[in-house]
Amino acid sequence: MRFSTAFIPTLKEVPADANVASHVFMVRGGYIRKVAAGIYNFMPLGMRVISRIENIVREELNKADAQEVLMPASIPAELWQETGRWQKYGPELLRFKDRKGSDFCFGPTHEEVVVDMVRRETKSYRELPLNLYQIQTKFRDEMRPRGGLMRGREFIMKDAYSFDVDIDAAAISYKKMYEAYKRIFTRCGLDFRPVEADTGAIGGSMSHEFQVLAETGEDKIVACDTCDYAANVEEAALRVSDTPGIEGGGELTRVETPGAKTIAEVCDFLKVDAKQTIKSLVFMADGEPLVVLLRGDRSLNEIALKKVTGATELFKARDGQAKKATGAPVGSIGPVGLSIPIYADLELKGATGAVAGAGEEGMHYTGVDLERDCKITQYVTLRAAEEGEGCARCEGTYQSYQGIEVGHVFSLGTVYSEPMGCTYLDEGGKSKPMVMGCYGVGITRIAASAIEQNHDDGGIIWPMSIAPYEVTVLPLQMNDDDVIDAGNKLYAELKALGVDVLLDDRKERPGAKFKDADLIGVPLRIAIGKRSLGEGNLEMKWRRDADATALPVEGAAEAIANAVAEEKAKLANS
RNA sequence: CGGGGCGUAGCGCAGUCUGGUAGCGCACCUGGUUUGGGACCAGGGUGUCGGAGGUUCGAAUCCUCUCGCCCCGACCA
């Protein structure tokens, strides 16, 4: 492609609404433009990146015996009513009516459609296993889209669905996808971790997320520094200790703590460590209040609480609700004398000598003995895993990371096949529901996370495998015929060798071309300047490196093509 | 959905408090000079001041309503 005729509108200034690297650089580099909140145009550079990611995904899934299909984006409500999700799914499901008034939704996921397709055609165990995937635009009406492509409302996703005769066969399908995913993300040049995850609203028994490690990630994960255990903090197992997390003994004593509301303020006032305090949180579970107790320095794992209470709707109580439920203002709530259900973190079992709110403005208790002074409904692990804690599976220690979820594999069991009657006949002629799995890859999110992981102040540093172009050629003096000719010649030769090349033939000054090249992030840059051209050389520079090296004009195209091929091979085999 | 903020030229912003005929930088167009890390000179304004009402002789500016967007939180995969 010649830059002079390309549609690559780059921007010098940072768009006002972008605050993460991938968003800033994709807009500035002319990859995407916003059309509405969380909805974007993909311009030529963006489209090229998307295509390359899609192709990697296709290759690896086809290798794993999955077959590509395309299902509709508009889905009739009847299908979603069969599984009950038409009612269950919240406002993030975009619903609309056609001209006859029939209900439809824009598919955020396609279990119902794929199950409907398979149940109509597949009747025998002989036709299984089956794994179908599509690459499709999805829509989820997120409350708060953010970070450009990191969390859009409309996004491109690969979703695959496996159908098997039983759990053992389904486990094989699951494993195949798991391995395919590892290859996909490796080939995309991403530093990622497969982590054990919560199965969420979709249901099912086994689940792994593929998390790209990046500081701007929205997910918190912990990974053991010794074994290969890694998990979303919502799911991470914790090592159970024999000794209570708070010890000290003593009598229950009321003390004045004027103005102290937060744990930090109370600790400051009473000169105690946060590890000696008990934090009391009020939650509303399906409209009923309950109290959660955690050691002062811990944080809550809401997923665990949701599981324990079995509540379908669970949220932190508003200040007014909390006061009504406990009789105390937030900041002074404590477990002593409460009559509503109290769920205490397992770590607090046997706790003595603790500091907790006294249920009255400006008052706290010291010397709290939970067994003696409170009525605890249940002790259960409720705290979130944190950096530095002991691994539950070995003697190692957890490290914590921020992650961007780019893939998710679920084992679904029969939660969709059963209600929808997706069955097959086994060898004995008996009808059984198919055992399913579902597997997602965020195509657009891969693009964003690759940038989060690979950029500097000047712009993107694409991995070779997903870059919009592999090489960019910059003739620096567009008033010098030798330079122009050398650029055109190299451009033609590289194209002939099958290299994706962008020739910056604009009549811009060298500085502008360098800046745009850095911003766009093509991994390999060839500068042609009259200075070095006089000595028979071009200048080759990797975007990730600081310095260029001289490259003889003679045989340059072959040398560049080889360098590109080597770079690609590195990603494929690592 | 709760809290905060912003909508003025393609982009980034000033002007709003204190009402008086719309401005800066970048980009863009014309001409010239330049050419190794976002050049310079001269000329050119491309705008429903988010929208709708209202107050006023007069509204970007004041009032009411409304739409959109961003940030923090809650929520979600």
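Below, read A as the first sequence line, B as the second, and so on, with proteins coming before strands; counting in each chain starts at 1.
Note on residues 446-456 of chain A: pairs passing salt bridge (charged side-chain N to carboxylate O under 4.0 Å, His left out), not counting sequence neighbours, are A:D456-A:R543.
Applying the side chain to side chain contact (heavy atoms under 4.5 Å, CB included) criterion to A:R140, with sequence neighbours excluded, gives A:Y89, A:E92, A:P108, A:T109, A:E142, A:F155, A:M157. In this structure, A:R509 has no salt bridge (charged side-chain N to carboxylate O under 4.0 Å, His left out) partners at least two apart in sequence or on a different chain. Looking at residues two or more places apart in sequence or on another chain, you find a side chain to side chain contact (heavy atoms under 4.5 Å, CB included) between A:Q136 and A:L70, A:A73, A:H110, A:Q134, A:K138. For A:K182, the salt bridge (charged side-chain N to carboxylate O under 4.0 Å, His left out) partners at least two apart in sequence or on another chain are A:E179. Looking at residues two or more places apart in sequence or on another chain, you find a side chain to side chain contact (heavy atoms under 4.5 Å, CB included) between A:T549 and A:M540. For A:V27, the side chain to side chain contact (heavy atoms under 4.5 Å, CB included) partners are A:L11, A:P15, A:H23, A:I32, A:R33, not counting sequence neighbours.
Shown here, B:C1 forms a base pair with B:G73; the pair counts as Watson-Crick or G-U wobble because both key distances fall under 3.5 Å.
Taking atom C1' on both nucleotides, B:G15 is separated from B:A22 by 9 Å, rounded to a whole Å. For the P atom pair drawn from B:C13 and B:U34, the interatomic distance equals 37 Å after rounding to whole Å. Using atom P as the reference point in both B:G4 and B:U64, the two lie 16 Å apart (nearest Å). B:G45 and B:G3 are spaced 47 Å apart, taking the P atom of each and rounding to whole Å. Taking atom P in both B:C6 and B:A14, the straight-line distance is 10 Å, to the nearest Å. Separating the P atom of B:U55 from that of B:C63 is a span of 15 Å, rounded to the nearest Å. Here, B:A52 and B:G38 have their P atoms 45 Å apart, quoted to the whole Å. B:C49 and B:A9: their C1' atoms are spaced 10 Å apart (whole Å).
Residue A:E92 is classed as a sugar-phosphate contact, given heavy-atom separations below 4.0 Å to backbone atoms only. Counting non-hydrogen atoms under 4.0 angstrom, A:R146 reaches a base of the nucleic acid. A:D480 comes within 4.0 angstrom of no nucleic acid atom, judged by non-hydrogen atoms across all strands.
Following rounding to the nearest Å, A:K34 (NZ) and B:C11 (P) show an atom-to-atom distance of 11 Å.
Picking from B:A77, B:C69, B:C26 the nucleotide with the shortest atom distance to the side chain of A:R153 gives B:C69. The nucleotide whose nearest atom lies closest to any side-chain atom of A:E142 is, among B:C76, B:C70, B:A77, B:C76.
Contacts between residues 442-457 of chain A and RNA chain B, defined by a heavy-atom separation under 4.0 Å, are made by A:R445.
With a 6.0 Å cutoff to the six-membered ring centre and a 45° limit on the axis angle, A:R95 counts as a cation-pi contact of A:W86.
Screening A:F185, A:F410, A:Y439, A:F210 for a ring-ring contact (aromatic ring centres under 6.0 Å, His included) involving A:Y178 leaves a single residue, A:F210.
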Footprint string (nucleotides 31-39 of chain B, 5' to 3'): B base within contact, S backbone only, - free, heavy atoms under 4.0 Å: ---BBBBBB

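Mapped onto RNA chain B by nearest heavy atom, A:P15 and A:P145 fall at different nucleotides, with A:P15 at the one closer to the 5' end.
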